[in-house]
S.K.: 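Take a look at this one; I'll ask things after.
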Amino acid sequence: QVQLVESGGGLVQAGGSLRLSCAASRPTLSTAAMGWFRQAPGKEREFVATISGSGSSTVYSDSVKGRFTISRDNAKNSAYLQMNSLKPEDTAVYYCACAAGPAIRTREAQYGYWGQGTQVTVSS
C-alpha cells in the first residue's frame, strides 16, 4: 500500500504562484508515473498534469499548459506541481496520484493510489 500526502495548497491572489508537493510513503515513486488532478466545486475531477517514472516525459491539460510545471525527485519519493500565473478558475482541490507503471497516463482509472487532496483557492 502506498500513501500519498499532498501539501502546499492555500489562498493566493490571481497572478500569484503556489508549489504543491506530494510525498509517498515508500519508494514506489521512483518507477511509477505520477499525476495531478483537480476537482472544483460542483464539477468532476479533471486531469492536470502527468510525469513519467523517469521524469523524461510530461503531459499537461490545455488549461494549465505554459503556466504549471510538474516535476519529481525520485530520491525524495516526491512529486511537485509548480503553479504560476494562477487564475480564479484554478480554484479546486488538487490531488496527486500514483500509477502502477512508468508510462505517462492521463485518465483517473489508470491511477491506483491517491492522496487526500489539498485546497487551492485563487482570489480575483
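Computed over heavy atoms, backbone and side chain alike; hydrogens, waters and symmetry mates excluded. Because the structure is predicted, anything quoted here is derived from the model rather than measured. Quick note: residue numbers are just sequence positions, from 1.
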S.K.: Is Asp62 salt-bridged to Lys65, cutoff N-O under 4.0 Å?
M.R.: yes
S.K.: In the structure I gave you, are the side-chain heavy atoms of Pro102 and Thr31 within less than 4.5 Å of one another anywhere?
M.R.: no
S.K.: Under the criterion side-chain contact (heavy atoms from CB on, under 4.5 Å), which of Leu81, Val93, Asp90, Leu20 is the partner of Arg38?
M.R.: Asp90
S.K.: Could you give the distance from CZ (Arg19) to OG1 (Thr69), rounded to the nearest 0.5 Å?
M.R.: 10.5 Å
S.K.: Quick one: which of Cys96, Cys22, Ser71 gives a side-chain contact (heavy atoms from CB on, under 4.5 Å) with Tyr80?
M.R.: Ser71
S.K.: Just wondering, more than 12 heavy atoms not from Glu89 lying within 6.0 Å of its CD?
M.R.: yes
S.K.: Can a side-chain donor-acceptor contact be found between Asp73 and Ser78 if the only test is distance below 3.5 angstrom?
M.R.: no
S.K.: Find out whether the Lys NZ or Arg CZ of Arg107 is both under 6.0 angstrom from the six-membered ring centre of Phe47 and within 45° of the ring's axis.
M.R.: no
S.K.: To the nearest 0.5 Å, how far apart are CD1 in Ile51 and OG in Ser57?
M.R.: 8.5 Å
S.K.: Does either side chain, that of Tyr111 or that of Thr50, offer a donor lying less than 3.5 Å from an acceptor on the other one?
M.R.: yes
S.K.: Return the CG to CD distance between Leu11 and Gln119, rounded to the nearest 0.5 Å.
M.R.: 9.5 Å
S.K.: Could you state the interatomic distance from CD (Glu6) to CH2 (Trp36), rounded to the nearest 0.5 Å?
M.R.: 5.5 Å
S.K.: Do the non-hydrogen side-chain atoms of Arg67 and Met83 ever get within less than 4.5 Å of each other?
M.R.: no
S.K.: I'd like to know whether the aromatic ring centres of Tyr95 and Phe37 sit less than 6.0 Å apart in this structure.
M.R.: no
